[in-house]
Visitor: 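Take a look at the following structure, please.
Small disclaimer: the values here were computed from a predicted structure and weren't measured.
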Amino acid sequence: MKFARLGESGSEIPVVIDAYRYLDLRPLTSDVDGGFLADDPVGRATAAIAGGLLPELEGASDLRIGAPIARPSAVICIGQNYAAHARESGAEPPTVPILFLKTPNTVVGPNDTVTIPRGSEKTDWEVELGVVIGRRTAYLDSPDEADAHIAGYVVANDVSERTFQMEVSGGQWSKGKIAHGFNPTGPWLVTADEVDARNLGLRSFVNGEPRQDSNTSDMIFDVRTIVHHLSQFVTLEPGDLILTGTPQGVAFGGKFPYLKPGDVVDIEIDGLGAQRQEFVGWEAAR
């Protein structure tokens, strides 16, 4: 099942995508938020569709696509989770998951314009599989317990500013990760029952030219391991978002130029949809 949110920023309408129809979820929930995701969203939506309780949203195809989840309480990210990406970054693959944070206001629609931060010369792209939590998660006893705590999966672009991340960071990466809009997400939340997170192709393009082309099977730490590991240190709430790392092929590796105003980035993951952002300069966005 696919959930989405359509409309202007701050006024998105929750929908479920049924074949080619966008069905209004507001008879069930005011938003695709933690409360909805924790309360059997697939079962409730399936019953509502069967009962004819969800009207088709008129003009849906003309509406902006928002992030498919309401603002999460936490966005937690895993760094260098593909061995080739670790090496292109000048590091050996990690032996335990590397953790950093993004702020909730980085989460924006999949096709929203992204502003290059003031003073930035090293803004970069990163296609990533995003995991959305569906149940309160703390101190899981094993990775096998993780599946029951996952609501679904999304496409994400972990936009990064490498000078802020690496050169003026003070040793922690988040300065280069937390500019407003630095986490385009969606277009849909695809529920976990329809996704094999162990085998998903993921790709990125800049101005139509290929950059990243890999598969989640190349992750060092798979989704179950990540969720289990994080649960030992943080309590994850329904609606929280985990970004699971990016493969090789980013500008930081030295083969490609960093993003400049006017560049267009395309991101896609098999079965989870595609997104596109135009990057604009700080002055143009003011």
Visitor: Do Tyr153 and Val223 come within less than 4.5 Å of each other through their side chains, counting heavy atoms only?
Guide: yes

Visitor: Spell out, yes or no, whether Leu202 and Val155 are grouped together once hydrophobic residues are joined by side-chain heavy atoms under 4.5 Å, including indirect joins.
Guide: yes

Visitor: Less than 6.0 angstrom from the centroid, inside 45 degrees of the normal: does Arg162 satisfy that with respect to the ring of Tyr258?
Guide: no

Visitor: Quick one: do Lys122 and Glu167 make a salt bridge, cutoff under 4.0 Å?
Guide: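 Salt bridge flag = yes for Glu167 with Lys122.
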
Visitor: Between Asn215 and Asn199, is there a side-chain donor-acceptor contact under 3.5 Å, judged purely by atom types and distance?
Guide: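 Asn215 and Asn199 do have a side-chain donor-acceptor pair below 3.5 Å.
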
Visitor: Please identify which of these residues, Thr137, Ile133, Asp141, meets the side-chain contact (heavy atoms from CB on, under 4.5 Å) condition with Ser231.
Guide: Thr137

Visitor: Are any side-chain N or O atoms of Glu128 and backbone N or O atoms of Gly245, one a donor and one an acceptor, separated by less than 3.5 Å?
Guide: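 At least one qualifying donor-acceptor pair exists.
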
Visitor: Regarding Ser73 and Asp240, is there a side-chain donor-to-acceptor distance under 3.5 Å anywhere?
Guide: yes

Visitor: Does any non-hydrogen side-chain atom of Asp158 lie less than 4.5 Å from one of Lys177?
Guide: yes

Visitor: Considering residues, nucleotides and ligands other than Glu56, do more than 12 of their heavy atoms fall under 6.0 Å from its CD?
Guide: yes

Visitor: Heavy-atom count around Glu58 CD within 6.0 Å, excluding the residue itself: above 12?
Guide: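 Atom CD in Glu58 is not packed in, count stays at 12 or less.
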
Visitor: Pair Arg203, Asp270 - check salt bridge (charged side-chain N to carboxylate O under 4.0 Å, His left out), show working.
Guide: CA-CA 9 Å; Arg203 292 164 292 276; Asp270 294 345; 2.5 Å; yes

Visitor: When you group the ILVMFWY residues by side-chain heavy-atom contacts below 4.5 Å and let the links chain together, are Leu272 and Val75 in the same group?
Guide: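 No.
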
Visitor: Is it the case that the side chain of Thr185 and the backbone of Asn183 share a donor-acceptor pair, with hydrogens and angles ignored and the cut-off at 3.5 Å?
Guide: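 At least one qualifying donor-acceptor pair exists.
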
Visitor: If you define the side chain from C-beta out and look only at heavy atoms, does anything of Thr216 sit under 4.5 Å from Leu129?
Guide: yes

Visitor: Is there side-chain contact between Val107 and Pro72, with heavy atoms separated by less than 4.5 Å?
Guide: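 When only atoms from C-beta onward are counted, Pro72 and Val107 do touch, with a gap below 4.5 Å.
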
Visitor: Judged by atom type as modelled, is there a donor-acceptor pair below 3.5 Å linking the side chain of Asp266 to the main-chain atoms of Arg276?
Guide: no

Visitor: Does any N or O in the side chain of Gln275 come within less than 3.5 Å of the main-chain N or O of Gly186, such that one atom is a donor and the other an acceptor?
Guide: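 Checking the backbone N and O of Gly186 against the side chain of Gln275, a donor-acceptor pair under 3.5 Å is found.
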
Visitor: Would you mind reporting whether Leu99 and Cys77 have side-chain heavy atoms less than 4.5 Å apart?
Guide: no

Visitor: Taking the six-membered ring for Trp, are the ring centroids of Phe3 and Phe36 within less than 6.0 Å of each other?
Guide: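 Phe3 vs Phe36: aromatic centres under 6.0 Å.
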
Visitor: Check whether His180 reaches the backbone of Thr106 with its side chain - one donor and one acceptor, N or O, closer than 3.5 Å.
Guide: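 Pair absent, no side-chain N/O of His180 close to backbone of Thr106.
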
Visitor: Report yes if the side chains of Ile13 and Leu57 come closer than 4.5 Å at any heavy-atom pair, otherwise no.
Guide: yes

Visitor: For a 4.5 angstrom cut-off between non-hydrogen side-chain atoms, does Leu54 reach Leu28?
Guide: yes

Visitor: Under 3.5 Å, side chain of Asn207 to main-chain N/O of Asp263, donor-acceptor pair present?
Guide: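 Pair absent, no side-chain N/O of Asn207 close to backbone of Asp263.
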
Visitor: Has Asn111 got a side-chain atom pairing as donor or acceptor with Gln277's backbone, closer than 3.5 angstrom?
Guide: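 It does not hold such a pair.
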
Visitor: Would you say Arg64 has more than 12 foreign heavy atoms packed within less than 6.0 Å of its CZ?
Guide: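 Yes.
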
Visitor: Without swapping roles, check the side chain of Asp124 against the backbone of Phe252 for a donor-acceptor pair under 3.5 Å.
Guide: yes

Visitor: With no hydrogens and no angle check, do the side chains of Ser120 and Thr123 hold a donor and an acceptor under 3.5 Å apart?
Guide: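 Yes, Thr123 and Ser120 have a side-chain donor paired with an acceptor closer than 3.5 Å.
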
Visitor: Salt-bridge test for Arg198 and Asp196: reply yes if a basic N is under 4.0 Å from a carboxylate O, no otherwise.
Guide: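 The answer is yes: the pair qualifies as a salt bridge.
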
Visitor: How about Pro94 and Ile220: do any of their side-chain heavy atoms sit closer than 4.5 Å?
Guide: yes

Visitor: Verify the distance criterion only: is there a donor paired with an acceptor across the side chains of Ser204 and Gln212 at less than 3.5 Å?
Guide: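 A pair is found: one side chain offers a donor N or O, the other an acceptor, under 3.5 Å apart.
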
